[in-house]
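Scroll down for the structure; my scribbles are underneath it.
Convention: sequence-line order gives letters A, B, ...; per-chain numbering from 1.
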There are 2 protein chains.
Amino acid sequence: MGADALDRAQQTFVRRWGEMGATWGISRTMAEVHALLFITGDPLCTDDIMHMLQISRGNASMNLRQLVNWGLIRRTHLRGDRKEYFISDLDTWQMFETITRERRRREVGPIIDTLKQCRSDLAGDTPKLAKERQQKAVDCDKKLQDMLDFINTLDVMVDAVLSSGSEQIGMLSAAISSTVKR
Amino acid sequence: MGADALDRAQQTFVRRWGEMGATWGISRTMAEVHALLFITGDPLCTDDIMHMLQISRGNASMNLRQLVNWGLIRRTHLRGDRKEYFISDLDTWQMFETITRERRRREVGPIIDTLKQCRSDLAGDTPKLAKERQQKAVDCDKKLQDMLDFINTLDVMVDAVLSSGSEQIGMLSAAISSTVKR
DNA sequence: CATTCCTTTCAATAATAACTGAAAAGACTA
DNA sequence: TAGTCTTTTCAGTTATTATTGAAAGGAATG
């Protein structure tokens, strides 16, 4: 079981990535599986992953499927081997892009819908409210509106960053800094 | 028990905010308490919150404390009342700023430390590795370096956005879009 | 088409995270 | 300082989420 310096460095990375995932609402194990595939860069089969992370076959299978669905890893095959292998061949930027797009797709729409729905419900019924509630309704509406505007602004920015691609990201970073400076 | 349109809109908002929090690694209840204080804008005491969200005193107390620690709400008092009240008087932008700064403070440092530590461990011991492991060590090091660079770039951007303040955010958004366009 | 090898599924179980409620601590009042 | 009101703490409980392992389902092989 001689773990060399490379193994140790990779294990440290995998553990930390797992913890990070956990604080960001991604299951620790899913993040670890991803980290392992990312940092080794090798195609690994289910058994490799089971052994390296000490998890069951079912668990490995579930998490691998999710990672494939997210587009963070892909299935592959080794010639002369019947088993399925998995590989993470995205670079850091592509990983970031994939995760950001996916989360945006799943979450931005729903929250905007809810905010709009709250506003339209309020708009229809505000006249029916007791006098002293009307001011509150107006204040509440303003908060909802502000939040919608903010989400929209951020969304435009994220969109620009994502579509800039990794080549332009440095330039973009510089442009942002100089815009803010003055 | 007559919930009017304002109550309903607020409840919808609170529920959705809670769900959002849950998918981002913040406990549903903590997010709901915050949402309630934010959307009403009123100072509320522990009992108000307990009743409105149907949670226990202990739970309310714990979550309120956390929110105060995050700087998202603050304690206040109503004249002639011994109880403690809580209020959320940040606007959307300030909220975003607070949350971003806090998460950055807690998470960016540690992840950078881990990455650097992995690299320096590798650097010291790579010569001792078996020949065919050396190439892997170099590849691994490159990934770690790429990730460090990426985190750094992103960190600079986030820093610029945060220090731009809400007045400049629209301008910034425009600057980003136009930089990317060509 | 039977065998072998591999993957997926899912009910049962384990682990983790969140919540409760009552007791202790703290704070203000007279 | 005793009495009253309020907040905090935390051991015990409940709820939620993650994991296991074995059985069922597929797919390639001879």
Between the side chains of Gln145(A) and Asp149(A), does any donor sit under 3.5 Å from an acceptor?
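Their side chains do contain a donor-acceptor pair, which is all the 3.5 Å distance test asks for.
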In this structure, how many angstroms lie between the [atom2] atom of [N] and the [atom1] atom of [X], rounded?
| X | N | atom1 | atom2 | answer |
| --- | --- | --- | --- | --- |
| Asp47(B) | dG21(C) | CG | P | 14 Å |
| Gln54(B) | dC19(C) | CD | C1' | 14 Å |
| Ile55(B) | dA17(C) | CD1 | P | 20 Å |
| Lys83(B) | dC28(C) | NZ | P | 15 Å |
| Glu32(B) | dA18(C) | CD | P | 13 Å |
| Ile26(B) | dA17(C) | CD1 | P | 15 Å |
| Gln66(A) | dA18(D) | CD | C1' | 11 Å |
| His77(A) | dC5(C) | NE2 | C1' | 14 Å |

Per [X] side chain, nearest of listed nucleotides [options]:
| X | options | result |
| --- | --- | --- |
| Ser61(B) | dT7(C), dG21(C), dT8(D) | dT8(D) |
| Ser56(B) | dC6(C), dT7(D), dT20(C) | dT20(C) |
| Ser27(B) | dT8(C), dC19(C), dT7(D) | dC19(C) |
| Arg57(B) | dT8(D), dT19(D), dA18(C) | dT8(D) |
| Asp81(B) | dT20(D), dT8(D), dT6(D) | dT6(D) |

State whether Asn59(A) places a side-chain N or O below 4.0 Å from either non-bridging phosphate oxygen (OP1 or OP2) of dT20(D).
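So the side-chain polar atoms of Asn59(A) do come within 4.0 Å of the phosphate oxygens OP1 or OP2 of dT20(D), strictly under.
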Looking at Arg65(A), does any N or O in its side chain come under 4.0 Å of the phosphate oxygens OP1/OP2 on dT9(C)?
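Checking dT9(C) against Arg65(A), a side-chain N or O does come within under 4.0 Å of OP1 or OP2.
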Kindly write out the residues that satisfy side-chain hydrogen bond (donor to acceptor under 3.5 Å, both in side chains) with Gln135(B), not counting sequence neighbours, or none if the list is empty.
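If we apply the side-chain hydrogen bond (donor to acceptor under 3.5 Å, both in side chains) test to Gln135(B), skipping adjacent residues, the hits are Asp139(B).
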Compare all side-chain heavy atoms of Leu115(B) with those of Phe13(A) and state whether any distance is below 4.5 angstrom.
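Result yes, sub-4.5 Å side-chain heavy-atom pair found.
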Side-chain contact, heavy-atom cut-off 4.5 Å: Glu32(A) with Trp17(A)?
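In short, these two side chains do not touch, never coming nearer than 4.5 Å.
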Looking at Trp70(B), is Arg106(B) sitting on its ring face, NZ or CZ under 6.0 Å from the six-membered ring centre and within 45 degrees of the normal?
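Yes, cation above the ring, under 6.0 Å and within 45°.
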Report the residue (Arg82(A) or Arg28(A)) whose heavy-atom-nearest nucleotide on DNA chain D is the more 5′ of the two.
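Looking at the nearest nucleotide for each, Arg28(A) comes out on the 5' side.
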If each of Met62(B) and Thr29(A) is mapped to the nucleotide of DNA chain D with the nearest heavy atom, which maps nearer the 5' terminus, i.e. the 5' end?
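With Met62(B) and Thr29(A) compared, the 5'-side residue is Met62(B).
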